[in-house]
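Quick one: structure below, then a few questions.
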Amino acid sequence: MVKVFERAGYPIVHMCNLIPVSTTVGANRMVPTISIPYPLGDPNTPEEEQWKLRYHRVGVALDALATPIEEQTAFKVKI
Amino acid sequence: MAKKVIYYVNQFFGGIGGEDTADFEPEIREGQVGPAMAANAALEDAEVTHTIICGDNFMGSNTQEALDRIEKMLEGKEMDLFIAGPAFQAGRYGVACGNVCKMVGEKFGVPTLTSMNVENPGVDMFKGYTRMMSGHNAAAQMRKDMAAMMAVANKMLRGEELGTPEEEGMFHSGRRIEKFLEYTRENTAAYRGVQMLIKKIKGEPYQTELEIPERDVVPIAEPIADLSKANIAMVTTGGIVPVDNPDRIQSASATRWGRYNVAGLDKLPNREANGYKTIHAGFDPAAADACPDVIMPIDAMRAYEKEGKIGKLHDYFYSTVGTGTTESEAARMAEEIIPYLQEDGVDAIILTST
Amino acid sequence: MHMKLTIGNIHVKDVVVGSENSFKDGVLTIDKQAAIDYLMGEDDHITELDIVIAHPGDDTRIVPVIETIEPRVRMDDRCLFPGVTGDLVPAGEGELKAFKDCCVTVVGKEWGSFGDGVIDMGGEGAKQTYWSRLINICLVGDTDEEFERHEQQKMNHALRWAGHRFAEWIGKIAKDLPVDDEEVYEFDAITKREAPKNGLPNVVAVLQPQSQMEALGYNDLWYGWDMNKYLPSFVSPTEVFDGAMISGSFMPASSKWSTYEMQNFPILKELFAEDGKEINFIGVIMSNLNVALDQKERSAIMVRNMALNLGADYALVTEEGYGNPDTDYVRCMVILEDAGIPVVGVSDESNGRDGLGQPLVVLNDKLNALVSTGNVGELSDLPACATVIGNLEALNRDGMSGSWGYDEVLGKSARDDGSIIMENNNWFCGNHISGFAAKTIVEW
């Protein structure tokens, strides 16, 4: 899917937990998520924490869309 | 009894005419037309009983209709092998040969064979669905391509096992299928694995059962120049759908997708609120059912829209299920989604996966 | 200093149900009522039980299959599965007797789940599983586990435990019987080995059993311990043979290792066969399979370091699963290759129904020695069988991994005439990654 969108000219960022899988399927811009069942908010943490994490990582993804890259890149996240 | 072969050619090789007749509608003729004559002469114990002719334009712009008509023409006809081409480097003809061979294989379960040049776009599209000879780039080499193809055709008609693609001058199909072995200890995976290891230890040659293919890379798309003006679309393979799953997306090996309007929503209502849930079978759904935004973060995107970090969140998100879904299905679904993105002038995409 | 496990094999020519327990002239007779009374007495969640025998070649389809187990007895009278069917005691040494050529097959009478599968005893479908070659002593039951009745993921606790108890109960019939042949597995303490074994290339097996359900109760157990809450450990292959591990209920059926497969783990047996000849088999690093990337990395690091510290020169890695588990499988092989420990991997592939998909979700060109045991996506379209043990409707209704209730092109999996169409995913342990598979993948 990622490749088809990118081939059509769309910058695309893949948010996923398993960066090696994303690399293998050919995503160029990647942002890690925290897990498979809950990529963007651990239900064992307070809602406020979940929101902060989700807001941060989606923000990193948006910045990734505006960032020039030379090769497949997994962008770093802080929380 | 001689075996039966049916042949496919385009308007040019069918003697109808050149580019001006490329709209020629499919037609079936008894006997051999054009290259089918040379093919017939090269067959050992078989004959070409019919030739189908179809214009490349007609096939290209009315593909499904052309295939449906050809399917009807073939119904009830005896056929042990179906041959199309050679198509050389002619792109539309190559794709037509591939399309027809794929249809015949799927609808009639009959082996198919074609030939085209490595530069032909039909190669990558269809090498997994038909036996495909690696042919020359121009019709001047017809004699050579035909000879190579008919050598394989005769083998196929005799029911002989084909050699490696290199030996036969064919493309690798890339299609991996199961092969059952006689039930002996030596054939078990346990024995094969341990013996492979011993060969690896001793530095002796061994054959891996899965060659790692080369990675297919896509050119990196240009970044967005100005995020604050950009229209961003959200896509997920995490199976977030309205609770009644209106598009009946499968929870594994999905072939369907849905688009759901989130205009005006500040976050996704959850399953309990009769809003959204996940139908993905590959993980515990509890977290996403309680808060669908953990997979499809509409709340965060809306916040960035309100802050002006992005110009707009596209009104729909797109959803399917990633587990067990084949690459070809996933690619098709993406192709189907793209027109909706184009229509709304989407600039970039965030795809979330589980 | 060594662990010695002796398994005396008693070959079974036929199994019948009757009113006594006996074994005469190769015929194993099971006292059906006594078995049912015992098993229902052990667990009041079981509401219904039946025992039905299916033979190789029978025109019989069994579905939903939950588990298979080999009937055995420990000569010291301890339980077969420590921490599961009895006290927690060390496994891996001592004497066992086993009824060969048969298995206890646990079947849901009504309800299936994601990880359950299908066995065909005859016809074209019989080539799909090893079980079709054995006499299946089917334990068919239902329970009052209402909390998971309509869940796609089921623990199937009552029926699985009944299966293990039943295998143990049948095994007791073997206690005083003469054996036909004997398998002896001696695992010498690795620091006390002598030439010529010591000096041969040191080979370690790395097993990655299924442990990806974060909710407990669905995963493989190690001495009764849920392997989701577990980190890689060094174990003796004889422990695996001797019931230290039982299978779980999660993972598409064809990629599972059943308890029978653990008891007879063919890859480990083949390593023993070369031990002292071509290799020095230094044991098993029992790892696991994880969900999150950091968990996967942690296990891979621990496997690598354990292999290095054990002095492993080579490794054979195998995973119980496909898809997400491929990330653990590939990572583990790559980290070992990078540490100078060349690897062979054994697993199945997911090439999709058309065979054109990417075989493993992660690929790495360092993987140059792989064994393939099947494609989870291949379709089977098979005629009805005269007899169904269990409930065919489970294929349509219960979210089994390789079947469906609706498909616009293919229709439903269990058709009204009893014929079926489903993916390889549904064959119970069909790809036999544990090593039973006499099947590979070739390019079309």
Side-chain angles (χ1 to χ4, degrees), chain B residues 127-129 131 164-165 172-202 206-215 248 250-253 255-256 281-286 322-330 354, chain C residues 114 127 133 152 201 203 213-215 266-267 269-271 274 278-279 291 314 316 323-324 342 344 346 349-359 363-365 367-378 399 401 404 406 423-424 432-444:
Chain B
K127 65 184 181 183
Y129 300 98
R131 297 294 174 201
T164 64
H172 280 268
S173 70
R175 165 181 272 186
R176 294 178 60 75
I177 57 163
E178 295 190 331
K179 182 176 179 184
F180 287 84
L181 310 170
E182 189 195 341
Y183 206 91
T184 61
R185 176 187 165 197
E186 289 72 23
N187 282 338
T188 61
Y191 188 87
R192 279 150 42 209
V194 172
Q195 295 307 316
M196 192 185 288
L197 184 66
I198 289 169
K199 289 202 173 96
K200 192 166 177 172
I201 292 171
K202 291 180 163 174
Y206 60 85
Q207 182 60 50
T208 181
E209 297 178 16
L210 170 56
E211 301 262 9
I212 301 300
E214 268 179 53
R215 190 173 295 175
R248 304 181 81 169
Q250 304 93 328
S251 57
S253 305
T255 58
R256 285 188 285 275
F283 55 83
D284 183 351
T323 191
T325 303
T326 62
E327 268 180 290
S328 53
E329 289 293 341
T354 46
Chain C
F114 184 69
K127 71 178 184 191
R133 313 173 65 80
Q152 187 171 19
V203 172
M213 276 294 273
E214 295 192 328
I267 289 173
K269 286 192 179 179
E270 289 294 349
L271 286 169
E274 297 292 351
E278 298 283 358
I279 61 169
V291 179
Y314 298 89
L316 199 154
N324 179 295
V344 166
V346 180
E349 301 182 20
S350 177
N351 308 298
R353 290 176 189 169
D354 61 9
L356 293 168
Q358 184 180 304
L363 296 170
N364 189 300
D365 53 22
L367 310 180
N368 55 26
L370 300 172
V371 171
S372 285
T373 68
N375 168 18
V376 301
E378 282 211 5
S401 60
W404 50 86
Y406 169 81
E423 283 181 357
N424 160 301
H432 293 297
I433 297 169
S434 68
F436 281 115
K439 186 169 66 166
T440 185
I441 304 266
V442 293
E443 186 175 334
W444 176 71

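Values in this document were obtained by computation on a predicted structure and should not be read as measured data. In what follows, every chain begins at residue 1, and chains take the letters A, B, ... in the order their sequences are listed.
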> Judged by atom type as modelled, is there a donor-acceptor pair below 3.5 Å linking the side chain of C:E423 to the main-chain atoms of C:R353?
Replying inline: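 Not confirmed, C:E423 side chain does not pair with C:R353 backbone.
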
>> For chain C, which candidate among B:E211, B:E182, B:R248 shows the most heavy-atom pairs at distances under 4.5 Å?
In response: B:R248

> Any chance CD of B:E214 has more than 12 other-residue heavy atoms, nucleotides or ligands included, within less than 6.0 Å?
Replying inline: no

>> Between C:E443 (side chain only) and B:S173 (backbone N and O only), is there a donor and an acceptor less than 3.5 Å apart?
In response: yes

>> Less than 4.5 Å to any heavy atom of chain C: does that hold for the side chain of B:R131, its backbone, both, or neither?
In response: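 Contact with chain C: backbone and side chain both.
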
>> Distance check, rounded to the nearest 0.5 Å: C:Q358 atom CD versus C:E349 atom CD?
In response: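 Between atom CD of C:Q358 and atom CD of C:E349 there are 11.0 Å.
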
> Side chain, backbone, both or neither: which part of B:A252 has an atom under 4.5 Å from a heavy atom of chain C?
Replying inline: neither

>> Taking the side chain as everything from C-beta on, heavy atoms only, tell me whether B:Y129 gets closer than 4.5 Å to C:L356.
In response: yes

> Looking at C:G377, C:P342, C:S401, C:S434, which makes the most heavy-atom pairs under 4.5 Å with chain B?
Replying inline: C:P342

> When only pairs under 4.5 Å are counted, which of C:N375, C:N351, C:T440 shares the most heavy-atom pairs with chain B?
Replying inline: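 Winner by heavy-atom pair count: C:T440.
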
> What residue in C:G352, C:P266, C:S372 has the most heavy-atom pairs under 4.5 Å with chain B?
Replying inline: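 If we count pairs closer than 4.5 Å to chain B, C:S372 comes out on top.
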
>> Let's test your reading of the structure: which of C:V344, C:I267, C:L367, C:L370 forms the most heavy-atom pairs below 4.5 Å with chain B?
In response: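 Going by pairs under 4.5 Å, I would pick C:L370.
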
> Which region of B:K202, side chain (C-beta onward) or backbone (N, CA, C, O), has a non-hydrogen atom less than 4.5 Å from a non-hydrogen atom of chain C, or is it both or neither?
Replying inline: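 The answer is the side chain of B:K202.
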
> Most heavy-atom pairs under 4.5 angstrom with chain C, which of B:T208, B:I177, B:T164?
Replying inline: B:I177

> What residue, out of C:H432, C:E214, C:M213, C:Q152, has the most heavy-atom pairs lying under 4.5 Å from chain B?
Replying inline: C:Q152

> Contact part of B:S251 toward chain C, heavy-atom cut-off under 4.5 Å: side chain, backbone, both or neither?
Replying inline: side chain

> Under 3.5 Å, side chain of B:R175 to main-chain N/O of C:G355, donor-acceptor pair present?
Replying inline: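 No, the answer is negative, given that no donor and acceptor are paired below the 3.5 Å cut-off.
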
>> Please classify the contact of C:V291 with chain B as side chain, backbone, both or neither, using a heavy-atom distance under 4.5 Å.
In response: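 Contact with chain B: none, neither part.
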
> How many angstroms lie between CD1 in C:I279 and CD in C:E270, if you round to the nearest 0.5 Å?
Replying inline: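 It comes to 10.0 Å.
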
>> Please classify the contact between B:F283 and chain C as side chain, backbone, both or neither, with a heavy-atom cut-off of under 4.5 Å.
In response: neither

> Going from OH on B:Y183 to NZ on C:K127, what distance comes out if it is rounded to the nearest 0.5 angstrom?
Replying inline: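 One finds 15.0 Å between OH of B:Y183 and NZ of C:K127.
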
> What option among B:K179, B:K200, B:E178, B:Q207 has the most heavy-atom pairs under 4.5 Å with chain C?
Replying inline: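 Option with the top pair count is B:E178.
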
> For the candidates C:T373, C:N368, C:L316, which exhibits the highest count of non-hydrogen atom pairs separated by less than 4.5 Å from chain B?
Replying inline: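 Most pairs with chain B among the choices: C:N368.
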
> What part of C:D354 is in contact with chain B, defined as an atom under 4.5 angstrom from a non-hydrogen atom: side chain, backbone, both or neither?
Replying inline: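 Both parts, backbone and side chain.
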
> If you measure from NZ on B:K127 to NE2 on B:H172, what distance do you get to the nearest 0.5 Å?
Replying inline: 9.0 Å

> When rounded to the nearest 0.5 angstrom, what is the spacing between NZ in C:K269 and OG1 in B:T188?
Replying inline: 11.5 Å

> Non-hydrogen atoms of chain B under 4.5 Å away: do they reach the side chain of C:F436, the backbone, both or neither?
Replying inline: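 The answer is both parts of C:F436.
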
> Side chain, backbone, both or neither: which part of C:L363 has a heavy atom under 4.5 Å from chain B?
Replying inline: both

>> Need one label for C:E378: side chain, backbone, both or neither, based on atoms under 4.5 Å from any heavy atom in chain B.
In response: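 The side chain, not the backbone.
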
>> Need one label for C:E274: side chain, backbone, both or neither, based on atoms under 4.5 Å from any heavy atom in chain B.
In response: side chain

> If we only count heavy atoms from C-beta on, is the B:R176 to B:L210 side-chain gap below 4.5 Å?
Replying inline: yes

>> For the CG atom of C:L271 and the CG atom of B:L197, what is their distance to the nearest 0.5 Å?
In response: 7.5 Å

>> Please classify the contact between B:Y206 and chain C as side chain, backbone, both or neither, with a heavy-atom cut-off of under 4.5 Å.
In response: side chain

>> Run B:Q250 and B:T255 through side chain to side chain contact (heavy atoms under 4.5 Å, CB included) and show every step you take.
In response: CA-CA 7 Å; B:Q250 304 93 328; B:T255 58; 2.7 Å; yes

